[in-house]
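Everything on this sheet refers to the single structure shown next.
This one's a predicted model, so the numbers in the text were calculated from it and none came from an experiment. First the proteins, then the strands, lettered A, B, ... as listed; each starts at 1.
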Amino acid sequence: MIDTTPKRLALFNFWIAFGSFALACVFGMYQVLERSGLLTFIQSPAVYFASVSTHGVLMAFVLTTFFIMGFGYYTATTSLNMPIWNPTLAWAGYGVCLTGVVLAAIPLLLGKASVLYTFYPPIQANAFFYIGATLLVVGSWFWTAIMIVMFGKWKKAHPGETVPLPMFATTANAYLWAWTSAGVALEAVFQLLPWSLGLKDTIDVGLARTLFAWTLHPIVYFWLIPAYIALYSYVPVAAGGKLFSDKLARVAFLLILVFGLPIGFHHLYMDPEQGTIAKFWHMVGTFAVSLPTLLTGFTVIASLELAGRKRGGKGLFGWIGALPWQNPMVLAAILSLLMLVLGGFGGIVNASYAMNAMIHNTAWVPGHFHLIFAGTVVTMYLALAYQLWPKLCGKKLFSNDLALTQLWTWFVGMAIMTTPWHVLGLLGQPRRISSVQYNSLLTLAWKPYELLMILGGLVLLGSAGLFVYILFKTQTEGAIEAQAVEETPLQSEVAVSLWLNNFVPWNLLILGLMLLSYGWPILQFFVLKTYNPTAWGY
Amino acid sequence: MNPNSWISKTRSELGLILQDMQIEHLEKNWIYLATAMIGFMVVILSIGAVFLHLNPPSHWETIDSASLHLGGEFAEDKLGVQPSKPSDVIIQVKLVAARYGFFPREIVVPADKKIQFRMASLDVLHGAHIPMTNMSTMIVPGHISEVTTVFPKPGEYPLLCNEYCGMGHDHMWSKVTVLSQNDWDARKNEGKQP
């Protein structure tokens with residue numbers, strides 16, 4: 001039972017998400033070209049840093065938030081088989097988010113907010129940038145509330161039943177987002193907004209960095225969970241098999257929720273203002289949170305193997321060839337997992353405490369997160385779009401072959417771009433420079449890798465264009481499909497105990513862990529004497 | 001027994017919890033293996049931290065960035081490689097990070113000796129990194145960063161700013177020359193080095 005409201009909500013959210021994605025890819029192409037120094041007439045730090053700030057905001061905040069909201073509304077209605085609770089609230093949230101994006105976009109595009117998407121003070125942007133970013137977060141809380149209420153309503157109506165896995169995971173993500181966004185919200189409301197509006201002259205930079213680190217790590221799990229929902233709930237069906245273990249999937253989502261939160265200081269390893277013990281504790285948590293990803297890898301690959309063997313695959317690896325590679329969802333899962341393995345190795349290096357000194361803020365870091373986010377996560381977003389567009393529009397996918405081409409080119413482009421990026425980091429190139437100006441022999445070794453990255457950027461831009469073209473064609477010219485029986489994602493059959501069917505104990509556990517991990521690190525800025533700088537331009 | 005009594009409810013819940021714990025043996029083996037891998041890595045890092053003192057640079061010491069130039073250890077005449085005796089275990093280097101350079105712009109230090117960098121920012125966030133070495137730290141306005149390292153290989157190294165600090169960020173770097181012990185001693189005898 002899915003009426004037009006969730007379909008419209010999903011489509012409206014998705015178009016903002018993917019429109020921003022395509023635009024951000026254009027900025028990305030400019031950056032890779034500008035940075036290489038190949039064309040001197042496009043060299044400009046002012047344009048580059050405005051572009052990189054916009055690219056980051058569009059990809060990390062706009063694409064993700066709108067996609068996750070749209071996907072959440074769709075998942076809640078299909079998986080729980082109930083209408084959206086309070087659609088007016090959902091549309092209001094959409095409006096608040098969109099207003100925020102427009103308000104932030106104006107200074108960004110005018111070069112008045114070139115503070116990067118991490119907006120590290122004391123460099124100050126135009127106040128509208130902070131107001132816009134805050135509204136985007138506030139609007140997303142409307143979605144958070146709707147997801148949590150729908151989860152509760154369904155459980156009340158179905159006592160003793162197990163909440164379907166896709167909605168269980170979506171609700172886990174809603175809680176995760178509520179916890180995650182609190183850090184940056186506190187920074188915005190108590191520090192950035194009053195400071196940028198001129199109500200306060202100075203800003204405590206150490207506190208701002210600590211609050212941002214609170215958000216900066218778990219936010220990547222907020223982005224990742226929809227990709228994992230696709231891997232658990234859509235991929236096994238698309239491959240012609242079943243999910244290997246529903247229970248382990250729930251455990252993985254809960255572990256992400258709990259361990260994803262209290263670990264943000266691996267972004268501050270090189271900072272003076274946090275102590276050794278806090279950093280060590282966050283390091284242990286960072287390693288712990290790799291467990292759910294290892295479990296996910298196991299369960300998804302096991303599910304694919306079940307499907308491959310069912311389709312006649314023999315031998316140790318024969319099942320891989322027997323998988324339906326022509327199915328976009330299955331292809332995306334395989335490519336996405338490949339990039340997750342490689343990106344995961346890089347992540348272990350980043351997490352490795354003192355070893356982080358070798359790669360901190362070098363080109364290795366964007367290489368890593370492009371592999372994991374733009375690779376693993378976005379690839380699954382693309383596959384979900386191909387899966388859902390026909391259902392949302394009631395039309396056949398414009399071309400399955402083009403969709404496969406698009407997924408392959410995205411993968412190849414990402415491989416061509418991120419491999420040299422990692423190498424550049426190991427060769428010491430800083431991540432946030434617009435050109436190479438150092439008078440040092442070392443920089444000669446950087447040149448070939450920068451040129452190779454242009455090729456990666458070109459392939460990726462072409463792939464992103466193709467993606468939007470396929471969606472547009474599907475919606476406008478796709479053959480009308482007779483409304484078939486609504487295909488629901490994989491549902492749960494097993495009964496599970498309270499522990500795996502609600503979030504109360506886990507939220508309490510998180511509260512304890514957050515107090516332990518962030519209690520003193522935040523309190524110290526209020527207890528100890530700090531000198532706060534005034535605002536600086538750029 | 002009444003199925004709605006709290007005893008039967010608890011019993012069925014306990015049954016479900018036991019059922020939750022029953023998982024397929026392959027899954028169980030994988031969980032053990034994954035946990036062991038993660039545990040192994042954490043143990044290695046812990047040994048490094050506790051016994052080899054391999055920790056990231058942490059150092060709580062605040063300073064008023066707006067008045068660095070007015071006096072104290074980061075006044076202009078106090079910067080650079082600090083005077084040392086041959087018996088000193090650590091050589092201290094004081095630098096100010098400011099748009100767009102680390103001041104003084106050129107320093108000379110010996111190889112195979114502990115070098116302690118003390119750095120403060122005059123303006124915004126900066127990051128200091130010497131490529132191919134583990135000399136790395138963020139420089140946060142209002143805080144003093146302290147990082148100690150040993151350079152095993154003599155040569156010329158760039159000290160780069162690796163945190164976006166404004167439109168001139170690309171140009172923010174300084175030169176660090178690492179001399180072999182012999183060259184360092186010779187230079188010292190010539191009276192060039194404090």
Side-chain angles (χ1 to χ4, degrees), chain A residues 45-46 49 116 120 122-123 205-206 209 245 247-248 269-276 279-280 283-284 287-288 290-291 294-295 298 302 348 352-354 356-358 360-362 427-428 430-438 440 442 495-500 528-533 536 538, chain B residues 13 16-17 19-20 23-24 26-27 30-31 34-35 37-38 41-42 45-46 48-49 54-66 123-125 127 129 131-132 134-146 156-158 160-171 173:
Chain A
F49 290 118
L116 310 186
Y120 290 144
I123 292 184
V205 178
R209 287 180 67 72
S245 168
K247 238 176 347 195
L248 214 58
Y269 279 152
M270 293 301 129
D271 272 45
E273 78 276 5
Q274 292 300 343
T276 305
K279 287 178 185 172
F280 188 88
M283 178 275 283
V284 175
F287 276 90
S290 60
L291 186 64
L294 289 167
L295 296 185
F298 174 85
I348 297 280
S352 292
Y353 200 52
N356 182 270
M358 301 296 288
H360 175 76
N361 266 355
T362 66
L427 292 173
R431 64 189 277 196
R432 286 160 174 155
I433 50 171
S434 74
S435 59
V436 176
Q437 304 287 354
Y438 315 121
S440 165
L442 175 72
V496 293
S497 74
L498 279 173
W499 293 95
L500 298 184
L528 304 174
K529 167 86 185 139
T530 57
Y531 298 90
N532 304 334
W536 290 77
Y538 43 83
Chain B
E13 193 53 39
L16 283 172
I17 290 174
Q19 191 192 311
D20 278 354
I23 51 174
E24 223 257 338
L26 272 174
E27 275 176 359
W30 176 248
I31 292 175
T35 313
M37 282 195 306
I38 294 167
M41 289 187 271
V42 172
L45 290 169
S46 308
L54 287 172
N55 291 297
S58 292
H59 182 73
W60 181 278
E61 188 182 347
T62 54
I63 191 167
D64 184 6
S65 282
D123 39 46
V124 298
L125 280 172
H129 184 213
M132 328 300 241
N134 65 355
M135 191 295 198
S136 175
T137 183
M138 296 297 298
I139 305 170
V140 180
H143 293 260
I144 295 175
S145 300
E146 204 176 276
E156 269 189 13
Y157 295 83
L160 310 177
C161 177
N162 66 8
E163 183 57 273
Y164 170 67
C165 57
M167 288 300 146
H169 169 54
D170 302 351
H171 297 268
W173 70 290

Verify, without hydrogens or angle tests, whether [X] (side chain) and [Y] (backbone) share a donor-acceptor contact under 3.5 angstrom.
X        : Y        : value
A/Thr362 : A/Gly428 : no
B/Ser145 : B/Met138 : yes
B/Asn162 : B/His129 : no
B/Ser58  : A/Pro272 : no
A/Lys279 : A/Ala354 : no
B/Asn134 : A/Ala357 : no

Chain B contacts, top residue of [options] (heavy-atom pairs, under 4.5 Å):
options                               : answer
A/Leu500, A/Val496, A/Val205          : A/Val496
A/Ala46, A/Gly206, A/Ser290, A/Ser434 : A/Ser434
A/Asn356, A/Ile348, A/Leu528          : A/Leu528
A/Ser352, A/Ala302, A/Pro533          : A/Ser352

Choice from [options] maximising heavy atom contacts with chain A below 4.5 Å:
options                               : answer
B/Pro56, B/Gly166, B/Ser136, B/Pro158 : B/Pro56
B/Thr137, B/Leu26, B/Leu45            : B/Leu45
B/Thr35, B/Leu54, B/Leu125, B/Ile139  : B/Leu125
B/Ile31, B/Val42, B/Asp123            : B/Asp123
B/Glu163, B/Met132, B/Met41, B/His169 : B/Glu163
B/Gly142, B/Ala66, B/Ala34            : B/Ala34

Identify which part of [X] has an atom lying under 4.5 Å from any heavy atom of chain A, answering side chain, backbone, both or neither.
X        : result
B/Trp30  : side chain
B/Ile144 : backbone
B/Met37  : side chain
B/Glu24  : side chain

Can you tell me which portion of [X] sits under 4.5 Å from chain B's heavy atoms? Options are side chain, backbone, both or neither.
X        : result
A/Leu294 : both
A/Leu291 : both
A/Leu427 : both
A/Glu273 : both
A/Asn532 : neither

Looking only at side-chain N and O atoms, does B/Glu27 offer a donor or acceptor that is under 3.5 Å from a partner on A/Ser245?
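Per modelled atom types, A/Ser245 and B/Glu27 side chains form a pair under 3.5 Å.
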Crowding at CH2, B/Trp60 (>12 non-hydrogen neighbours, <6.0 Å):
yes
Could you tell me whether A/Phe49 and A/Tyr538 have their ring centroids closer than 6.0 angstrom?
no
Sequence neighbours left out, what passes side-chain hydrogen bond (donor to acceptor under 3.5 Å, both in side chains) with A/Tyr353? Give chain and number order.
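side-chain hydrogen bond (donor to acceptor under 3.5 Å, both in side chains) check on A/Tyr353 returns B/Asn55.
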Which distance, rounded to the nearest 0.5 Å, do you find between the OG1 of A/Thr276 and the OH of A/Tyr269?
12.0 Å
Nearest-0.5 Å distance, OG1 of residue B/Thr62 to OH of residue A/Tyr531:
5.5 Å
